[in-house]
Amino acid sequence: MSPLSQLREKMREAEVPALLVSDPTNVGWLTGFSGSYGRVVVTPDRAVFVTDSRYTIQAGEEVREMPVASFSNPKDGDEFLAEQAKELGVTTLGFDASTVTYAWFEKLRDKFAGVELTPAKDLFASLRMVKSEGEIDKVRQACGVAGAAWEHIQRMVQPGVTEYDLMLDLEFYIRRQGAGVAFDTIVVSGERSARPHGKPSEKKLEVGDFVTFDFGATIDGYHSDITRTVVVGEASERHREIYRRVLTAQLAALDAMKPGVEAREIDRIARESLGDLAPHFGHGLGHGLGKVVHDVGRLSPTSEEVLAPGQIWTVEPGVYLEGFGGVRIEDDVLITTDGIEILTKSPKDLLVLPRK
């Protein structure tokens, strides 16, 4: 079933007679469009994709399931959108209240004279959580690029190299493979590795540093997200113990993942495994992965999701000790009919680099 057919089924269930889709991620999932400006109006039997003249050619190539209508100056985009909706016979139009700002709503209300605008619940979350085979294949390819990038960057890990240079080389390698960079690459070392989302700096690697790499690639708009932590030069017993316990927590979580298990239970298992280190694990265990890095769904203590085949999750426990450093180990995991497939294949044994 196509994304458009799936959405129409959700619209029928929610009794939404027509829907305005404006969130870029949802627009891309629904239509395949990868540009920055696109709107879709969907009714039970018709739909139209609206964009501006910058994307007329691109939309014609990418949007297959519905006609494309584009406008150019001096035409107002919202006025043009209203005209297209009226041509479809729309009298009541649902919109995503989490995407449409109040200022934009007021403007739409003026342009859509005679059309009732009504907030609709999120119809896309459950659809985007379960990936199609095509989507899974793209994430799998993105994981392959990330894995190759990880193999590539290990040769550069040595005392005197800066975090910033490691970040640049990682991103250059990913782009040279024809992929995109999934998000701002994290490379943090020494005491700075205790910052889960620290930014690369001019700090030079030193013997005895933990170095955490968090990065990913994109293929056709689908993301990978992998984290590996290494030690520079020589690992102490403290390094090895902290790393071992984070890895043990991750493996325990992975072992429990299968259809029907509550997402918060997976998070609980990881925290329980960490024991007295759990207070130093402040973020959730993972998140959904797909059209965006932090896609629909969370593995966290408050999550209400249940694992199901076709979902892709990151699993990324971490321990962060201020003044010493931190460890995070992250994989991308597909839920299958009877368990999981780990899409990120890079080994997770503690690496001490450079290799002697």
Side-chain angles (χ1 to χ4, degrees), residues 1 6 29 125-148 150-151 182 214-219 222-229 243-275 278 281 283-319 327-350:
M1 186 182 294
Q6 293 179 62
W29 178 86
S126 61
L127 296 176
R128 282 176 36 206
M129 278 193 75
V130 176
K131 273 63 177 180
S132 68
E133 285 301 320
E135 291 177 299
I136 292 168
D137 184 60
K138 290 173 183 176
V139 174
R140 188 179 280 116
Q141 290 179 54
C143 289
V145 172
W150 174 236
E151 288 297 317
D214 188 345
F215 61 98
T218 62
I219 297 290
Y222 283 82
H223 297 68
S224 60
D225 185 1
I226 181 173
T227 305
R228 293 292 185 266
T229 302
Y243 190 93
R244 181 189 66 79
R245 291 178 65 179
V246 172
L247 179 57
T248 298
Q250 198 218 28
L251 294 176
L254 293 171
D255 188 59
M257 296 180 76
K258 61 183 178 180
V261 178
E262 293 182 338
R264 62 187 171 203
E265 174 65 7
I266 306 302
D267 181 276
R268 184 197 65 77
I269 288 169
R271 290 180 199 280
E272 186 175 89
S273 174
L274 286 172
F281 173 32
H283 55 76
L285 180 65
H287 52 80
L289 185 71
K291 285 290 288 182
V292 291
V293 174
H294 285 239
D295 209 343
V296 180
R298 295 291 179 270
L299 299 176
S300 76
T302 59
S303 174
E304 296 183 357
E305 282 86 23
V306 176
L307 305 192
Q311 296 172 351
I312 299 178
W313 297 92
T314 68
V315 182
E316 48 183 303
V319 166
V327 174
R328 184 165 63 257
I329 304 170
E330 176 184 22
D331 285 305
D332 302 339
V333 179
L334 169 68
I335 307 300
T336 65
T337 55
D338 57 359
I340 62 172
E341 176 189 346
I342 299 176
L343 303 177
T344 38
K345 307 298 185 182
S346 301
K348 292 179 286 191
D349 292 334
L350 177 61

Just by distance, do the side chain of His287 and the backbone of Val293 share a donor-acceptor pair under 3.5 Å? yes
Can you tell if the side chain of Trp313 reaches within under 4.5 Å of the side chain of Ile266, non-hydrogen atoms only? no
Closest non-hydrogen contact found for Ala182 with Thr218 is CA-CG2, 3.5 Å
d(Lys131 NZ, Asp295 CG) to nearest 0.5 Å is 4.0 Å
Open item on the list: Applying side-chain contact (heavy atoms from CB on, under 4.5 Å) to Ile329 and Leu350, what does each step give before you reach the verdict?
Closed with: CA-CA 10 Å; Ile329 304 170; Leu350 177 61; over 6 Å; no
Output for pair (Ile312 CD1, Glu341 CD), nearest 0.5 Å, gives 9.0 Å
Rounding to 0.5 Å, atoms CG (Asp137) and OH (Tyr222) come to a distance of 11.5 Å
In short, Ser300 meets Gly284 closest at the heavy-atom pair CB-CA, 4.4 Å
Query raised in the report: Given Glu135 and Lys138, is the salt bridge (Lys or Arg N to Asp or Glu O under 4.0 Å) satisfied, shown in steps?
Result: CA-CA 5 Å; Glu135 291 177 299; Lys138 290 173 183 176; over 6 Å; no
Subject >> Val292 side chain near Arg128 side chain, heavy-atom distance below 4.5 Å >> reply: yes
Under 3.5 Å: donor-acceptor pair, side chain of Thr248, backbone of Arg244 | yes
CD1 of Ile342 to CG of Leu254, rounded to nearest 0.5 Å, is 4.5 Å
Checking Ile335, Thr336, Asp338 against Pro259 for side chain to side chain contact (heavy atoms under 4.5 Å, CB included), the one that qualifies is Ile335
- Task: Verify, without hydrogens or angle tests, whether Gln250 (side chain) and Val315 (backbone) share a donor-acceptor contact under 3.5 angstrom.
- Result: yes
Taking every heavy atom of His223 against every heavy atom of Ala142, the minimum-distance pair comes out as C-CB, 4.0 Å
On a heavy-atom basis, the closest approach of Ala278 and Arg271 is CB-O, 3.6 Å
Does atom NZ of Lys348 have more than 12 heavy-atom neighbours from other groups under 6.0 Å away?
yes
With a 3.5 Å distance limit and no angle check, can you tell me whether Gln311 reaches the backbone of Ala308 through a side-chain donor-acceptor pair?
yes
Shortest non-hydrogen pair, Ala270 vs Ala253, comes out as CB-CB, 4.3 Å
For Ile226 and Ala146, the nearest pair of non-hydrogen atoms, with its separation, is CG2-CB, 3.9 Å
If you define the side chain from C-beta out and look only at heavy atoms, does anything of Leu307 sit under 4.5 Å from Leu299? yes
NZ (Lys345) and CG (Asp332) are apart, to the nearest 0.5 Å, by 11.0 Å
message: Checking the side chain of Arg245 only, and the main-chain atoms of Leu274 only, is there a donor and an acceptor separated by less than 3.5 Å?
response: yes
Under 3.5 Å, is there a donor-acceptor pair between the side chain of Asp267 and the main chain of Leu285?
yes
Which of Asp214, Thr344, Asp331 passes side-chain hydrogen bond (donor to acceptor under 3.5 Å, both in side chains) with Arg228? It is Asp331
To the nearest 0.5 Å, atom CH2 of Trp150 lies from atom OG1 of Thr227 at 10.0 Å
